Structure formats: structure tokens, C-alpha cells
Visitor: 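Input: one structure, supplied below.
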Amino acid sequence: MKPAGMSELVWAAVLVFVAAFLPWMVNGYWLSIGVTAMMYIALSTSWVMFSGPTHYISLATGAFFGVGGYLVGAGMSDYQQSFWLMAVIAPIVGAILAALIGFATLRLSGVYFVIFTLGLAEMIRNVVSWVQNNFLGSRGLYVLTDFRDQHIYWMLLAVAAVVYLLGWFISRSRIGFALRIIGGDETVARHVGINTATAKVILFTTTGFFAALVGAIIAPRWSYIEPNQVFSPQLSFLVVIMALLGGAGRLWGPLVGVIPFTILWEWVAIQFPNQSTLFLGLCFLLIVYALPHGMVGRIEELRARMRRGA
Amino acid sequence: MRQSGAILSVKGVTKRFGGLVAVSNMSFDVAEHEMVGVIGPNGSGKTTMMNMISGAFKPSEGRISMKGRVISDLPAQRIAREGVGRTFQLVRLLPGLSVLENVKAGAVFGHRKRWGREADDFAHDMLDRVGLDAMSHAPVSSLTYIDQKRVELARTLAGEPEILLLDEWLAGLNPTELETGVELIHALRDEGRTVVMVEHVMDAIRSLCDRCVVMSSGAKIAEGSPDEVLSNREVIRAYLGDDDA
């Protein structure tokens, strides 16, 4: 094992340990920002596991997230199931859905893949809304638990830690290497013997699993759920923006992007509630033009320059 | 030799793209340790033939078998694992990966699989073979054209293919590079590798190939030793037109 990889893991462990104390250190407002940030850290890190090495930009995160939240709502509200049971079922359903989408999109790449995942997320949202409105009778669902912000925060922290650890193992495994080759040239990947379909579907399924799990865990925060709310397409874009801001080339990239962006986004949402989409677009442009490799890319550039200078 | 000793056998292979017949009813065998040249004018279907052997395309008709097993219905990655390795007409390297990682890509998933230290060592060995080990940590964008071709060859060799497909590996090299390139392929020949090569450099074909298959307009028009086929009237006509034949 290379020492660099180990030290990365030790740093991650220290960060998780420190982050666990947040609920005792800050008040309600900052804790709620902490919950939002932790949610995006888990989502962006799992997004980067697949989209980072392969360069397949997925805008379906919102769909898996929504399925997770919605299942918890439906299970608890309409079928009187426990939160825990639904939190187990939701990611499994998310994973199955992701596997199906993965197989359906195998032949798509580049912008076609992006548009397909976006369209699909919208379709799932509309189908769920339609089923809800026409067959299940009620328009909204109640998710009533004893959880408070800190409990949700800790659960999300645990998920984020697991996602990171899994990503760390994957990036050092054969399948991680295969994904980087797929991202470089899929024809070469096939001709060196990589089963590109399997590798892509496995990783896409993993991101679907975690997005649905995060959606399930965050559901109690809202108490009342409507399909249009949990299937927000904005979430898919936010996850991509935060990951790109941090840098999709490294597993810890999203971490660097999520924290400043979440704080900024909260501020924008309060100050300019009607212009938030405009702000989102501006951020996209700014990142693509100014930070093509994210903040991580900039940090590594600076580090390389300092080493040369020294 | 033709039937029993054949490691690769192409039988009645046709490839159509819509109405265009790129390869029509091609048949030839390759024996073990043999170097076979596939030659012919531009657009005669040579690369399409190679693409069908490597699994990039499926034949519309006919079949390709390796050691008696049909491989033409397998996907490219399975064919690679069966032991067919290839280089591409236009070099294909993985831009985000280092030279060493590019070569390792061949060792990790190929015919014989390696991982970790073993894969690194083997990739170094292959780079050494093509004379590039000193560059192993360079980014591929810093390489010259011949060095890129060497990396691609090293990647293919890293998969330890039983059949090596070289698609115009010598094309685009300057005279000095060409000399180095021919030497490299000669070394492969001396190892007793089975090679199918598409090539335009006639000197290289004469000195390297045991046998040549000549294609014109998608069909085989001649087969035999390089000297034989290069003096064949029909081959000359295909290359130079009726007046010179």
C-alpha cells in the first residue's frame, strides 16, 4: 500500500471524527446548514465515484434521491411501516432503478447521456406524481419521526464516510482503473479486455443506491413530502456544480466544493429568493471557464508550482 | 499448414455498411508463429477486416475462428481475453493516464491478468522492450508520434496476445523512425509471435512477412509470399491501374 493513499484515509478519518462534534458546537441555524452540506457531501462524493473517472455527467441524482424520499414517505404515511424498514428498502429500489437506467443508456455517451438522464429524472417525477394523484388518493405524505437535526446529520455523516471509504477502495481496485480507461477511450477499454458495460452499470448502480439512501434519510427533515418537492431537478444540478467546483478528478474534490457552495447558496436563497436559478447558471459558467479542474485542480497546480520554485 | 496448423481462420467473411460492401467473402488462415501481411490499395477494406478480427465490428456473413473456436460472435473484450491484441491505425492512447498506466491497462485486463506490483513490473518490462522505460512517468501528451506508437505497442504486448494485429503500425514515421520501427517488429518476429499486419511500406512487407493476403475493393485478389504477390499482374493492376499492368 502506498503511504500517500494511507495518509488520505487517515485524514478522512480525522475529518469524520471532528465533523461528528458539530451538533454540540453550533446552534440550530448552522446545524441545519451542516445537515444540508452533509447531504450534498454524500451525494457529490457518490456522484464523483462514477462520473469523475468516466466523464459521464449524470443528471439523474434527483430521481434516485426522490425515489428514496418518496418511498420513506409512502411507506410511513400510507402503509404504516417503520422509518428503518423503508430506509433499507429505498436504496435497494434506487439501486435497481439505476441498474435498469444503466443498461438502457449503455450505448449513449457525451451529451446524449446527459440529456437522457435529465429527461429520465423528469419522467420519474411525473410518473410518481401521476400515480400519487390518481391512485393513492392523497397529494402529500407525512413523515413523522422523533429525529432532530443532529440525528439526521449523524446518519448522513455515516453515509458520507462509507461512500468515501468505498470510493477509496474502488479507486485503488481493478474496477476503478477500468473506469479511468473507459473515461479515456472506450474503444481501447474494450480492446484491452474490459467489460465496459459491467463496469459502468456496477458504478452507476452504486451511485443510485447512495442517492436513494440519502433521500430516505433526509425525508424526516421535511415532515411533509410532495413528489414535486423531493424530485427537484435543481438537486441534480447542484450536485454536479458542487462536484465540479471542488474537482471531479479527486474523491475529496466534492468536499472542497460543497462546504463553501452550501453556505453561499443559503445566503443567495435568503437574499435573492427569485433569482436563485440565475445564480446557478452563473456559477456553472464561472466554474467551467475559470476552474475547469475545480478547486482541487487549482490546489494541485499551486502545489506543483511551489515544488518547482523550492 | 493451411487447415490443421491455423491459429486464426477467416472464412467467407463479408461486411456491409448499409449498401456498401466493405469486405466481401474474405477467407484466409494464419498459422502459429506466422507473420501475415494484409495489403492492398487505400479503401480496399483492410482495416475493416482487422476490425472484424478484433471484434470492433461484427461480420455480416461468415465467421472468424481462433484455434477452432468461433470468435466472430464475441464482443471485443472477450476476443481480447481470448488472446487477440491490436494497435489502431490512428494511435489511441489514454490521455489522462501516464505512460506506465497506459501500458498497465493492457496487463491488467488482458489475456493474462495481473494486478498491483506484478502489473507495474510487467508494464515496465514491456516499456523496456519498446525502448521507452525512461519515459514511464511522463504524460502521454509529451510523446513524439513514434513514441506514442511504441506505447500503444507496449500496451498491446502487455496483454500477452497470442495473435497480434498491427494496423499500419509503420505509417507516418520518418525514415529514421521507420528503421527503429522495422527493427522492433523484427524482434517480435524473432520471438515467434503470430502477427497479422496491415501495411503500406513495401520494404517492410518484403523483409517481415511470411505470406501476404492482397485485398482490392473488399475482396481477396491474391495470396502467397511477398515476392509472389507483388509481381502478380492483378495486384499490380489493383495498385497502379490497367495501363501499367
Side-chain angles (χ1 to χ4, degrees), chain A residues 1-6 48 50-56 103 106-107 109-110 169-203 247-251 253 292-294 296-297 300-301 304 307-308, chain B residues 50-51 53-57 74-98 100-120 123 139-141 151-152 154-161 164-165 167:
Chain A
M1 181 124 340
K2 284 177 186 150
M6 267 328 267
V48 156
F50 171 75
S51 296
T54 59
H55 307 152
Y56 277 82
F103 278 113
L106 276 178
R107 290 180 171 277
S109 61
F169 275 112
I170 287 176
S171 70
R172 272 150 191 80
S173 69
R174 290 165 48 105
I175 191 166
F177 189 45
L179 289 173
R180 288 176 64 209
I181 298 169
I182 291 170
D185 188 328
E186 234 171 298
T187 304
V188 169
R190 276 194 295 275
H191 279 92
V192 296
I194 295 168
N195 194 335
T196 53
T198 310
K200 286 192 291 186
V201 171
I202 287 176
L203 260 290
R250 289 274 179 278
L251 198 55
H293 298 288
V296 168
E300 291 187 339
E301 216 172 87
R307 219 176 291 144
R308 257 184 314 224
Chain B
M50 294 293 245
N51 281 335
I53 299 175
S54 79
F57 298 153
L74 300 177
Q77 67 268 18
R78 290 279 308 281
I79 294 177
R81 288 178 195 178
E82 290 288 320
V84 177
R86 76 170 292 180
T87 64
F88 294 87
Q89 191 173 8
L90 300 169
V91 185
R92 279 174 177 261
L93 293 183
L94 305 159
L97 277 61
S98 73
L100 186 73
E101 286 175 320
N102 259 277
V103 178
K104 213 171 108 179
V108 174
F109 307 96
H111 185 39
R112 310 226 188 289
K113 292 176 181 49
R114 293 179 163 82
W115 183 237
R117 191 59 164 289
E118 201 197 349
D120 282 339
V140 290
S141 54
V151 172
E152 199 190 37
R155 179 179 72 209
T156 309
L157 292 176
E160 290 184 85
L164 185 57
L165 309 176
D167 195 354

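Computed from a predicted structure; not experimentally measured.
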Visitor: Between the side chain of B/Arg86 and the main-chain N/O of A/His191, is any donor-acceptor distance below 3.5 Å?
Guide: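 It does not hold such a pair.
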Visitor: Can you name the closest pair of heavy atoms from A/Gly184 and B/Pro95 and give their distance?
Guide: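 Taking A/Gly184 first and B/Pro95 second, the nearest heavy atoms are O-CD, 4.1 Å.
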Visitor: Taking all atoms of both residues into account, what is the closest heavy-atom pair of B/Gln77 and A/Ile194, and its distance?
Guide: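 Closest pair (atom of B/Gln77, atom of A/Ile194, distance): CB-O, 3.2 Å.
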Visitor: Considering non-hydrogen atoms only, spot the tightest contact between B/Ala105 and A/Ile181 and give its length.
Guide: CB-CD1, 3.3 Å
Visitor: Heavy-atom distances under 4.5 Å only: say whether B/Ala107 touches chain A with side chain, backbone, both or neither.
Guide: neither
Visitor: How are the rings of B/Trp115 and A/Phe177 set relative to one another: parallel (under 30°), tilted (30 to 60°) or perpendicular (over 60°)?
Guide: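 Judged by the thresholds at 30° and 60°, the geometry between B/Trp115 and A/Phe177 is tilted.
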Visitor: If I measure from the heavy atoms of chain B, does A/Ala178 come under 4.5 Å with its side chain, its backbone, both, or neither?
Guide: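 When you check distances to chain B, atoms from both the backbone and side chain of A/Ala178 fall under 4.5 Å.
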Visitor: For B/Arg78, does the CZ atom sit with more than 12 other heavy atoms under 6.0 Å from it, leaving out its own atoms?
Guide: no
Visitor: Kindly give the heavy-atom pair with the smallest separation between B/Val108 and A/Arg174, and that separation in Å.
Guide: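 Looking at all heavy atoms of both residues, the shortest contact is O-NH1, 3.0 Å.
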Visitor: Heavy-atom pairs under 4.5 Å with chain A: which of B/Ile79, B/Val84, B/Leu93, B/Leu97 has the most?
Guide: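 Result: the option with the highest number of such pairs is B/Leu97.
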Visitor: Side chain from CB out, backbone as N, CA, C, O: work out which of these in B/Glu82 comes under 4.5 Å of a heavy atom of chain A, or both, or neither.
Guide: neither
Visitor: Closest heavy-atom contact between B/Arg81 and A/Asn195?
Guide: NH2-N, 3.5 Å
Visitor: Crowded around A/Arg250 CZ? As in, over 12 foreign heavy atoms under 6.0 Å?
Guide: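 No, the 6.0 Å shell around CZ holds no more than 12 heavy atoms from other groups.
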